[in-house]
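Have a look at the structure below before the remarks.
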2 protein chains.
Amino acid sequence: MDTGSAIDLAVSTVIFALRSNDPLQPRGEPTVWIPLVRRLRAPYDNHWALPGGPLGADEGPTDAARRALQSTTGLQPKYLEQLYTFGDPERSPGATRVVSIVYWALVGIDEVAHAPARQNVRWLPADDLPTLAFDHNLIVDYALWRLRTKVSHSRIAHAFLGETFTLADLREVHEVVLGKRLDPANFRRQVLASGHVVATGGMRTGGRHRPARLYRYDQSMSMTDHGPLGPVLLSERNS
Amino acid sequence: MDTGSAIDLAVSTVIFALRSNDPLQPRGEPTVWIPLVRRLRAPYDNHWALPGGPLGADEGPTDAARRALQSTTGLQPKYLEQLYTFGDPERSPGATRVVSIVYWALVGIDEVAHAPARQNVRWLPADDLPTLAFDHNLIVDYALWRLRTKVSHSRIAHAFLGETFTLADLREVHEVVLGKRLDPANFRRQVLASGHVVATGGMRTGGRHRPARLYRYDQSMSMTDHGPLGPVLLSERNS
DNA sequence: CCAAAAGTGTTTCAGCTACACCCATGA
DNA sequence: TCATGGGTGTAGCTGAAACACTTTTGG
């Protein structure tokens, strides 16, 4: 029974990446940034909004989220997970009612630098945004909260990094996301004890100090969370 | 731009309650049960399915979930939270494509007993279900997993109980949900230390043993999780 | 040699587990 | 008085936090 509902169904994605605050100094303290797209029509004409669009007729929501990510950043997500579905009638005032299935994603720091700049897309710091379209400020805040809780008791922080990384890199990701300093010695022990990370044998030299061992993530699981469907969450469930 | 999408949007609810296995012996070991409704049309004619229905044009998803709960059990939920949105194109084979926003809920054990029996509604044990309609077995399994993880590191178990309860009652809920025995002494200390529970001053006598103190939940927060919207999650976030 | 970060060792403390023990009631 | 569960006390283990200390590089 198709009721011919008057409700539009859309998918949006909150995309997180780490970027240095000062573009002239790529080695500076990074913070969390997200890409937004400029709206070109009412309501909220000219406001920034989360990337997304209507759910295609033969497309799953996860595919739609990945498509939104691709079209705004040109990147593949290192991590992708459904966040929440927003459907209150009042959330799109004056317009057709829209129910949004929202995802959140992580992309690697080095890939962002090489991605081509897109028209009407701008990266902004996630914790200091202007007023966005619709309820998107609320959505970003919720996604940020989810990112922080997930980083604190799961092991996804490496999704912000490239293929290999030092433990100092990984610790910096945690520090930036959680907003506090972590003891290098204890952080090292916890990460190594978790077994999620494997030494490559390589070293990173160049600092005026002892070289650091390089690690890579133990890729026994892909980094897309298919929710209750895929095998990924199954391994998440057991952890 | 209303695309006049051909996708139906529905809301379903996984409703959990504790029931004794043996209806003749209400004091027996309870287990987790859920109410299901019998489908009266294809596809999956005559199969059991989660209660729910299409999202009303002027109705928020949470209201729709509460409505599904009301119409099948006649009850108010003690706890209600969005679970996940299922939208893969293949999940309703041969029928109009349906995207389902699924909620999960807890209702009190004593209220269920007094609720009127409804036509085409039956309570079944959650961990031993027959083949349900659509992907509803998967959804129930996911909701069960979420219930267990939430019970282990949040304080919602009391939502299965009535207004007042003994710590043994509360411990039994944990034991049934988690499927393992808990040390009474340690459980008591952890619950009391959490501060979420307050002694009423009353006692429950009648057992052939020392009377037990009665407690009630510290109602500083309502037990509906409005996701990122309401004040509830804010307090949840800080815990 | 010095500064700085990598990496190791060790003490301390909080929280949880296990379990011994006493208390109050019904039969 | 005995069986039963309510309720308290406490020793021991484990893991995290804090921090002293050694190692290895660049300048």
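Protein chain B contacts DNA chain D from D/dA3 to D/dT10, reading 5' to 3' and using non-hydrogen atoms of the protein with a distance under 4.0 Å.
Every residue meeting the side chain to side chain donor-acceptor pair (under 3.5 Å) condition with A/Thr166, not counting sequence neighbours, appears here in chain and number order: A/Asp169. The side chain to side chain contact (heavy atoms under 4.5 Å, CB included) test applied to A/Thr200 returns A/Thr164, A/Leu214, A/Arg216, not counting sequence neighbours. Residues passing the side chain to side chain contact (heavy atoms under 4.5 Å, CB included) test with A/Arg208, sequence neighbours excluded: none.
B/Leu192 places its CG atom 15 Å from the P atom of C/dG15, with the value rounded to the nearest Å. Atom CG in A/Leu182 sits about 17 Å away from atom P in C/dG7, given to the nearest Å. A/Leu170 places its CG atom 13 Å from the P atom of C/dG7, with the value rounded to the nearest Å. We find that CG of A/Asp183 is positioned 15 Å from P of C/dG9, with the value rounded to whole Å. Rounded to an integer number of Å, the gap from A/Arg171 CZ to C/dA6 P is 6 Å. Put simply, NZ on B/Lys180 is 12 Å from C1' on C/dT17, counting in whole angstrom units.
Checking side-chain atoms of A/Lys78 against main-chain N and O of A/Phe160 turns up no donor-acceptor pair under 3.5 Å. Between the side chain of B/Tyr217 and the main chain of B/Arg155, a donor-acceptor pair closer than 3.5 Å is present. Side-chain atoms of B/Ser71 come within 3.5 Å of backbone atoms of B/Ala68 as a donor-acceptor pair (strictly under, hydrogens ignored).
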What does the list of N/O pairs under 3.5 Å between the protein and nucleotides 2-4 of chain C look like, with a distance for each?
none

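Note on A/Ala185: a base of the nucleic acid sits closer than 4.0 angstrom, heavy atoms only.
If A/Pro211 and A/Asn186 are placed on DNA chain D by their nearest nucleotide, the residue sitting closer to the 5' end is A/Asn186.
Looking only at side-chain heavy atoms (C-beta outward), A/Val151 and A/His174 come within less than 4.5 Å of each other.
Pairs passing the salt bridge (charged side-chain N to carboxylate O under 4.0 Å, His left out) check and including a residue from residues 182-200 of chain B, sequence neighbours excluded, do not occur.
Here the shortest heavy-atom pairing between B/Leu50 and B/Val37 reads O-CG2, 4.1 Å.
Residue A/Arg189 places no side-chain N or O under 4.0 Å from the OP1 or OP2 atom of C/dT8.
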